Every structure is written in C-alpha cells, then in structure tokens.
Enquirer: 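This structure is in structure tokens; I'll ask about it shortly.
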Amino acid sequence: MTNQIKYTRIFVGDIARWNRDRQLETCKQYDPELKAIYEPKEFDLYVRNLRSDEVALMARLVAIAERKPKKRPGIAFVLRLIELLEKCAYIQDAQTGIKSTDGQAWLDLVENTYGSITRGRELRKEQAKKLAKLSHEAREPGLVEDWLSDDRAEDRIRMAQHWRDPFIPSAKQAIAQCPDEELRKASVSTWMRIFGPRKAPRKNNK
C-alpha cells in the first residue's frame with residue numbers, strides 16, 4: 001500500500017533536560033524542514049489542527065505530559081494520548097523510532113512513559129485496553145489510509161452516502177449495516193476520520 005501521509009506536525013513538550021533545540025534536533029530525522037511546530041501551551045491547538053493523514057511527531061512521548069495538570073498526571077497523559085490517537089494517522093516518538101502502529105513495542109513505550117510520570121504505577125486495565133484498541137484499529141493493515149487513497153474515491157463516495165443515510169437512525173446502526181467486513185469492525189471515530197460527520201454539511205442540503 002502506498003504511503004498516504006501528507007504532513008507532519010511537531011509538538012515540543014516541557015521535558016526536563018530536553019530543551020526546545022534538543023527536541024527539534026531529534027525530530028529532524030523524521031521531518032528535516034520542521035515546518036509545523038507547536039509549543040507546550042499549544043496542545044489543544046495541536047490536536048485541533050491534526051488530520052487523519054498526518055503524523056503527530058515529538059522527540060519523546062513524554063512531551064505530551066503536563067507539568068502541572070488539572071487532573072492527576074497519569075490521567076492527564078492518557079487523555080492526551082487518546083486525543084492524538086483519535087485524530088492522526090499515527091504518533092511518532094523520534095528518540096526511539098517507535099510509532100503507534102508498532103504493536104507491542106508501542107504499548108511497552110506507553111507503559112514505560114506512564115510509569116515515569118506516575119512514579120512507577122502501571123496503567124489500569126481499562127486504560128491499557130482502550131489505548132491498545134486505538135493504537136491497532138484501522139491502522140493494520142491501514143484501513144484509514146486505504147479508504148482515503150485516490151483509487152478508493154468512488155467507493156468512498158458511495159460509503160459516505162450510506163454513512164449519512166437519514167433513514168439510518170444511529171452511527172452504530174450504519175456501521176452494523178455496512179457491507180464491508182473491515183469497516184463493520186471499526187469504531188465511530190474511525191468512520192468519522194474517513195467519511196466525516198454523519199450529518200452532511202449544511203451547504204449540501206437542499
């Protein structure tokens with residue numbers, strides 16, 4: 001399958017002994033141009049701007065942890081991680097070379113990072129399960145990338161019509177009635193990444 005990644009966005013975190021220059025230098029191996037850089041206080045903007053065909057790049061995964069979060073550090077880290085996984089094609093840790101499509105290596109990185117933030121605590125089972133699902137779904141063998149590719153344009157239009165069918169009352173029912181087996185196993189967030197919101201843009205309604 002061809003690579004459908006169109007852009008890379010870099011997040012610079014507040015990491016002890018890793019200043020901004022060091023983080024950017026580490027990220028250069030994956031994005032030499034360093035065009036889209038977001039600072040520690042711009043995480044919400046970072047998430048809003050990410051698209052499903054873009055990479056969320058950071059020097060180290062711990063970059064997304066907050067120094068003084070409103071919630072407990074571990075909870076805040078997991079919530080931010082979930083936000084990113086639901087928005088981008090994948091997350092790239094530049095220091096280790098591990099990305100969120102790398103299966104167990106990625107999950108081990110998440111566990112280790114979580115432990116460093118929470119002084120050795122382990123992820124709760126429900127957190128680990130959620131992160132594993134988001135890390136895996138629609139990325140192996142690249143469901144989102146496949147459906148967003150140019151050669152699936154006609155199929156995508158037809159499936160988007162099914163997704164937005166006003167006679168199907170809910171997103172879950174639309175997914176359940178889908179003729180494609182892989183898409184039936186995908187989450188609502190994955191469908192939205194491919195086909196957009198269920199409600200058609202107002203300008204298309206006549």
Side-chain angles (χ1 to χ4, degrees), residues 3 5-140 144 189 193:
N3 191 345
I5 300 303
K6 294 182 179 179
Y7 204 61
T8 299
R9 296 185 190 273
I10 300 167
F11 185 72
V12 176
D14 186 3
I15 309 176
R17 295 179 295 280
W18 280 66
N19 62 23
R20 187 179 189 275
D21 289 342
R22 183 180 179 184
Q23 291 183 54
L24 292 179
E25 188 64 32
T26 304
C27 289
K28 273 186 178 180
Q29 60 186 308
Y30 295 99
D31 183 359
E33 297 182 357
L34 302 178
K35 287 183 177 179
I37 302 171
Y38 296 76
E39 307 299 331
K41 294 182 179 179
E42 296 180 316
F43 183 80
D44 290 341
L45 177 64
Y46 184 58
V47 173
R48 285 199 302 272
N49 287 351
L50 274 168
R51 299 293 180 265
S52 61
D53 56 0
E54 298 178 348
V55 176
L57 174 64
M58 57 211 67
R60 297 173 60 197
L61 187 58
V62 74
I64 67 172
E66 299 174 77
R67 279 295 183 89
K68 295 181 179 180
K70 294 179 182 179
K71 297 180 180 293
R72 291 197 298 273
I75 294 175
F77 170 72
V78 169
L79 290 176
R80 282 189 161 194
L81 198 54
I82 288 172
E83 284 188 87
L84 291 180
L85 288 168
E86 290 181 331
K87 286 296 295 291
C88 66
Y90 61 83
I91 301 171
Q92 176 76 64
D93 179 294
Q95 183 191 29
T96 64
I98 296 172
K99 54 185 181 293
S100 58
T101 55
D102 286 341
Q104 191 59 49
W106 164 256
L107 296 177
D108 289 344
L109 175 62
V110 172
E111 277 278 8
N112 292 335
T113 305
Y114 181 87
S116 71
I117 294 168
T118 60
R119 299 182 181 181
R121 293 180 184 173
E122 294 184 359
L123 278 168
R124 297 198 304 271
K125 287 184 179 180
E126 61 268 25
Q127 292 177 327
K129 185 176 180 181
K130 172 75 170 177
L131 292 173
K133 183 176 185 295
L134 285 172
S135 300
H136 177 78
E137 71 174 18
R139 293 173 174 84
E140 295 176 1
V144 171
S189 63
R193 289 171 64 201

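Note that the structure is predicted; figures quoted are calculated from it, not measured.
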Enquirer: Locate the shortest heavy-atom distance separating Ala59 from Trp18; write the atom from each residue and the value.
Expert: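 Minimum heavy-atom contact is CB-CZ3, 4.2 Å.
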Enquirer: If you measure from the Lys or Arg side-chain nitrogens to the Asp or Glu carboxylate oxygens, is any gap between Lys28 and Glu25 under 4.0 Å?
Expert: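 Yes, Lys28 and Glu25 are salt-bridged.
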Enquirer: Which value, rounded to the nearest 0.5 Å, describes the distance between Glu86 atom CD and Ser52 atom OG?
Expert: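 Glu86 CD to Ser52 OG: 13.0 Å, rounded to 0.5 Å.
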Enquirer: Measuring from Asp14:CG to Ile64:CD1, what's the distance to the nearest 0.5 Å?
Expert: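 Output value for this atom pair is 13.5 Å.
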Enquirer: Just to verify, what does Glu83 make a side-chain contact (heavy atoms from CB on, under 4.5 Å) with, not counting sequence neighbours?
Expert: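 Once residues adjacent in sequence are excluded, the partners of Glu83 under the side-chain contact (heavy atoms from CB on, under 4.5 Å) criterion are Phe43, Val47, Arg80.
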Enquirer: Would you please name every residue forming a ring pair (Phe, Tyr, Trp, His ring centres under 6.0 Å) with Phe77, sequence neighbours left out?
Expert: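 By the ring pair (Phe, Tyr, Trp, His ring centres under 6.0 Å) rule, Phe77 matches no residue at all.
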Enquirer: Can you name the closest pair of heavy atoms from Arg22 and Arg17 and give their distance?
Expert: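 Scanning both residues, the minimum pair turns out to be NH1-O, 3.0 Å.
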Enquirer: Of all the heavy-atom pairs spanning Arg20 and Ile37, show the shortest one and how long it is.
Expert: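 Where Arg20 meets Ile37 most closely, the heavy atoms are NH2-CG2, 3.7 Å.
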Enquirer: Could you grab the distance from atom CG of Leu57 to atom CG of Asp31, nearest 0.5 Å is fine?
Expert: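 Atom-to-atom, Leu57:CG and Asp31:CG are 6.5 Å apart.
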Enquirer: Rounded to the nearest 0.5 Å, what separation is found between the CZ atom of Arg60 and the OG1 atom of Thr113?
Expert: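 That separation rounds to 7.5 Å.
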Enquirer: Calculate, to the nearest 0.5 Å, the distance between atoms CG and OH belonging to Asn49 and Tyr7 respectively.
Expert: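 Here the interatomic distance stands at 9.5 Å.
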Enquirer: Where do Leu61 and Leu81 land on the side chain to side chain contact (heavy atoms under 4.5 Å, CB included) test, with the steps shown first?
Expert: CA-CA 9 Å; Leu61 187 58; Leu81 198 54; 3.9 Å; yes
Enquirer: Could you report the tightest heavy-atom contact between Ile117 and Gly74, atom names first, then the distance?
Expert: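 Scanning both residues completely, I find the closest heavy atoms to be CG2-N, 4.2 Å.
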Enquirer: For the residue pair Asp102 and Tyr90, establish whether any side-chain heavy-atom pair is separated by less than 4.5 Å.
Expert: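 No - every pair of side-chain heavy atoms lies 4.5 Å or more apart.
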Enquirer: Is the number of heavy atoms from other residues, nucleotides or ligands within 6.0 Å of CD (Gln29) greater than 12?
Expert: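 Enclosed.
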Enquirer: Measure the spacing between CG of Leu45 and CG of Leu50 and express it to the nearest 0.5 Å.
Expert: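 Here the rounded value is 9.5 Å.
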Enquirer: A side-chain contact here means heavy atoms from C-beta on lying under 4.5 Å apart; do Phe11 and Leu84 qualify?
Expert: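 SC-SC contact between Phe11 and Leu84 ruled out.
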Enquirer: Which heavy-atom pair separates Met58 from Ala63 by the least distance, and what is that distance?
Expert: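 Met58 and Ala63 have their closest heavy atoms at CB-CB, 4.1 Å.
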Enquirer: For a quick test of reading the model, state the closest non-hydrogen atom pair linking Ile98 to Gln92 and the distance between them.
Expert: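 Minimum heavy-atom separation between Ile98 and Gln92: O-NE2, 3.4 Å.
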Enquirer: Verify whether one side chain among Tyr38 and Arg9 offers a donor that lies under 3.5 Å from an acceptor in the other.
Expert: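 Their side chains do contain a donor-acceptor pair, which is all the 3.5 Å distance test asks for.
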